[in-house]
Amino acid sequence: MEEWKRMLMKIIKGEIINKIGCFIARWILHNCDDGLVIKRKGGAKQIIKVFSEPAYRNVIKPAIHKATEVIKVGDVVTDNGYHDKVVVTCIDDDTFRGYYLADGVVVAGLKLEKFEKIVGHIDVKVKKSKK
């Protein structure tokens with residue numbers, strides 16, 4: 001019986017927190033043009049902005065993902081076109097060198113901004129052949 005009461009209280013608490021959050025979000029959307037500005041203890045200003053679910057899913061989340069996605073040596077990248085999958089072996093400013101994952105042909109001078117990462121990191125060590 002005691003477990004049932006705790007579970008019911010947990011559900012009620014969750015519902016109350018959800019209702020309060022919805023109320024605050026609705027108030028910010030209706031009363032603030034650029035978001036709610038809050039002044040922190042140190043004097044810094046912080047803006048609270050509420051987005052609709054489609055705007056967050058289609059605009060904000062992809063922008064955050066793209067900003068945090070950095071291509072590094074060892075990553076497998078693609079341009080979804082001519083080059084298909086390329087393993088990055090060297091990065092020089094905005095260009096990189098690498099090799100095609102399919103056949104090992106070396107390529108150079110590819111522009112980083114045209115590619116996106118598809119695999120985080122693979123081992124690019126080359127084994128020495130036995131003679």
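Residues take their numbers from the sequence shown, with the count starting at 1.
Residue pairs meeting the salt bridge (charged side-chain N to carboxylate O under 4.0 Å, His left out) criterion with at least one partner in residues 79-89, sequence neighbours excluded, do not occur; the list is empty. For the side-chain hydrogen bond (donor to acceptor under 3.5 Å, both in side chains) condition, the pairs that include at least one residue of residues 100-112, sequence neighbours left out, are His83-Tyr100. Within the structure, salt bridge (charged side-chain N to carboxylate O under 4.0 Å, His left out) pairs that include any residue of residues 13-24 do not occur (at least two apart or interchain).
For Ile91, the side chain to side chain contact (heavy atoms under 4.5 Å, CB included) test picks out Val73, Val88, Phe96, Leu112, with sequence neighbours left out. In terms of the side chain to side chain contact (heavy atoms under 4.5 Å, CB included) criterion, residue partners of Asn80 (sequence neighbours excluded) are, by chain and number, Thr78, Glu116.
The line from CZ of Arg40 to CD of Gln46 is 5.0 Å long, rounded to the nearest 0.5 Å. Rounding to the nearest 0.5 angstrom, the gap separating the CD1 atom in Ile71 from the CD1 atom in Ile118 is 10.5 Å.
The cluster map of Ile, Leu, Val, Met, Phe, Trp and Tyr, joined by side-chain heavy atoms under 4.5 Å apart, puts Ile12 and Ile17 in different clusters. Cluster membership for Leu8 and Ile16, using ILVMFWY side-chain heavy atoms within less than 4.5 angstrom, is shared.
For the pair Val76 and Leu101, the minimum side-chain heavy-atom distance is below 4.5 Å. Under the 4.5 Å side-chain criterion, counting only non-hydrogen atoms from C-beta, Tyr99 is not in contact with Val105.
Counting all heavy atoms, side chain and backbone alike, Arg97 lies closest to Gly109 at CG-N, 4.4 Å.
Asn58 places a side-chain N or O within 3.5 Å of a backbone atom of Pro54 that can act as its donor or acceptor partner.
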